[in-house]
Amino acid sequence: MPELPDVEIFKQEAEKALHKRIDNVEIKDSDFVQATQQEFEKHVIGNELQEVWRKGKYLFLETGNQSTVVLHFGMTGLLKYAPETEEPTRYVKLTLELDNKNHLHYICKRKLGSIEITGDSGKYTDQLDLGTDAFQIGEDEFKEKLKASQATIKSFLMDQSTISGIGNVYSDEMLYQSGIPPTIKSSKLSGKKIRRLYKKMKRVLKMAIDKEADVSQMPKTWLLPNREEGGDCPRCDGKIKKVRVSGRTAYYCPSCQQK
DNA sequence: CATAATGTTTAAGA
DNA sequence: GTCTTAAACATTAT
């Protein structure tokens, strides 16, 4: 589930290839990879991986001369760094072959997600229209944006053009831990709840990254490991409910989460 | 077999 | 212009 914490882990995976030269590129699914072999030859092959950075759910691989590989992971994408002797077989869309006999693979079961190359990453990111990264945003900006919104709070958190990086699963988690129902209007939140949500947003993201975005490592008192209809709420006697909010499935505890 | 699934984009309606 | 829904994308898991 590639949201901000997952992509942050992919960033760490890509950083294993930092300062290695990219000797070759294998496009394994040309339907999926937007860039052509020629573009990889021009922008990537023969260059070192100089820097890896993330904004929201996007990951950027800088390969010098203002060349950037832009990755989005859709719902099922991931990165894997492995020796050339341990090739993954299924769902590989792209492989970067490094000069140390290791490979960086982009793997995706489904076709939601993208791989592109740009010669102007500034212009490219502007076009993506991403709001401030959820891990970077300050409390004042958060408060201001929230008060200006007419949307429900869950919708607000997931809107990538306002704040980037938060998706369906982690928005549920933040709202659960803040005791806020997902369908309440953002503008109706009390100052106290806004403050609480801001703090929980940061804490949930940080903890999730510390736990390598691995659900099995998350605290049992979190919603995440209990995210199913009718499941027991880990913090009260209530049962977890499922509702549709902004086209997605939200899980919450009606008794813990009240305005 | 039918259904829902972590995301984004687009279109249409309120 | 804002916000919400639904559909589409392709494939897997239940």
Side-chain angles (χ1 to χ4, degrees), chain A residues 1-11 28-34 54-59 70-79 88-94 106-116 124-131 133-134 144-176 181-189 201 204-205 208-209 211-218 222-231 240-252:
Chain A
M1 63 194 123
E3 298 182 34
L4 188 153
D6 311 84
V7 180
E8 189 65 28
I9 299 304
F10 303 154
K11 181 187 164 202
K28 304 259 170 82
D29 181 349
S30 54
D31 288 345
F32 190 93
V33 180
Q34 303 298 309
R54 180 191 63 72
K55 184 171 185 185
K57 303 174 190 174
Y58 285 84
L59 197 65
V70 185
L71 306 176
H72 190 276
F73 298 92
M75 292 207 275
T76 54
L78 63 102
L79 283 185
T89 49
R90 307 188 74 186
Y91 315 123
V92 180
K93 306 291 182 189
L94 181 79
Y106 178 108
I107 300 170
C108 195
K109 275 190 200 167
R110 291 162 60 179
K111 291 212 170 164
L112 309 180
S114 61
I115 299 173
E116 288 184 75
Y124 189 94
T125 40
D126 282 352
Q127 281 169 1
L128 290 175
D129 189 30
L130 295 173
D133 186 79
E144 234 168 76
K145 286 187 163 163
L146 197 147
K147 283 185 173 159
S149 169
Q150 299 296 114
T152 63
I153 187 61
K154 181 167 170 70
S155 191
F156 170 81
L157 289 172
M158 292 196 302
D159 180 355
Q160 302 300 303
S161 66
T162 311
I163 300 174
S164 59
I166 300 171
N168 198 22
V169 170
Y170 285 103
S171 61
D172 277 357
E173 188 66 48
M174 292 162 192
L175 292 170
Y176 172 72
T183 46
I184 193 177
K185 289 264 188 202
S186 307
S187 52
K188 297 264 184 178
L189 283 179
M201 172 177 82
V204 163
L205 294 174
I209 293 166
K211 303 289 182 191
E212 300 170 292
D214 176 354
V215 178
S216 68
Q217 293 185 54
M218 305 290 172
W222 278 29
L223 176 65
L224 241 165
N226 303 283
R227 205 168 171 275
E228 59 173 328
E229 167 98 273
I240 303 302
K241 277 211 142 144
K242 179 171 127 173
V243 287
R244 299 232 10 125
V245 186
S246 25
R248 308 301 296 282
T249 314
Y251 292 84
Y252 76 112

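Below, all heavy atoms of this structure are taken into account, side chains as well, without hydrogens, waters or symmetry copies. Each chain gets a letter, A, B and so on, in the order its sequence line appears, and its residues count up from 1.
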Answer yes or no: does a side-chain N or O of [X] lie under 4.0 Å from OP1 or OP2 of [N]?
X: A:Tyr251; N: B:dA5; result: yes
X: A:His72; N: B:dG7; result: no
X: A:Ser149; N: C:dT2; result: no

Given protein heavy atoms under 4.0 Å, the one-letter contact record of nucleotides 4-14 of chain C, with B base, S sugar-phosphate only and - none, is simply SS---BBBSS-

Tell me the closest heavy-atom pair linking [X] and [Y], and the distance in Å.
X: A:Leu59; Y: A:Phe73; answer: CB-CE1, 4.0 Å
X: A:Ser149; Y: A:Ser186; answer: OG-OG, 3.8 Å
X: A:Leu223; Y: A:Glu173; answer: N-OE2, 2.9 Å

Rounded to the nearest Å, what distance is computed from the [atom1] atom of residue [X] to the [atom2] atom of nucleotide [N]?
X: A:Asp172; N: B:dA5; atom1: CG; atom2: P; answer: 11 Å
X: A:Phe32; N: B:dG7; atom1: CZ; atom2: P; answer: 15 Å
X: A:Phe10; N: B:dG7; atom1: CZ; atom2: C1'; answer: 13 Å
X: A:Gln127; N: B:dT9; atom1: CD; atom2: C1'; answer: 15 Å
X: A:Leu4; N: B:dT8; atom1: CG; atom2: C1'; answer: 17 Å
X: A:Lys242; N: B:dT3; atom1: NZ; atom2: P; answer: 12 Å
X: A:Leu224; N: B:dT6; atom1: CG; atom2: P; answer: 11 Å
X: A:Arg248; N: B:dT3; atom1: CZ; atom2: P; answer: 20 Å

Test A:Tyr170 against every option in A:Leu157, A:Leu4, A:Asp6 by the side chain to side chain contact (heavy atoms under 4.5 Å, CB included) rule and name the one that passes.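 When A:Leu157, A:Leu4, A:Asp6 are each tested with A:Tyr170, the side chain to side chain contact (heavy atoms under 4.5 Å, CB included) holds only for A:Asp6.
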
Please measure how far the P atom in B:dT3 lies from the corresponding atom in C:dA6, and state the result in whole Å. 15 Å

Take A:Lys55 and A:Asp133 through the salt bridge (charged side-chain N to carboxylate O under 4.0 Å, His left out) test and state the conclusion after the steps. CA-CA 6 Å; A:Lys55 184 171 185 185; A:Asp133 186 79; over 6 Å; no

Looking at the side chain of [X], which of [options] is the nearest nucleotide?
X: A:Lys57; options: B:dG7, B:dT6, B:dA5; value: B:dG7
X: A:Glu3; options: B:dA4, B:dT8, B:dT6; value: B:dT6
X: A:Arg227; options: B:dT6, B:dG7, B:dA4; value: B:dT6

Given side-chain contact (heavy atoms from CB on, under 4.5 Å), test A:Lys154 with A:Tyr252 step by step and report yes or no. CA-CA 11 Å; A:Lys154 181 167 170 70; A:Tyr252 76 112; over 6 Å; no

Residue matched to C:dA10 through Watson-Crick or wobble contacts both under 3.5 angstrom: none

Nucleotide forming a Watson-Crick or wobble pair with B:dT6, both distances under 3.5 Å: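 Here B:dT6 is not engaged in any pair, so there is no nucleotide opposite it.
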
Worked check of side-chain contact (heavy atoms from CB on, under 4.5 Å) between A:Phe10 and A:Arg54: CA-CA 10 Å; A:Phe10 303 154; A:Arg54 180 191 63 72; over 6 Å; no

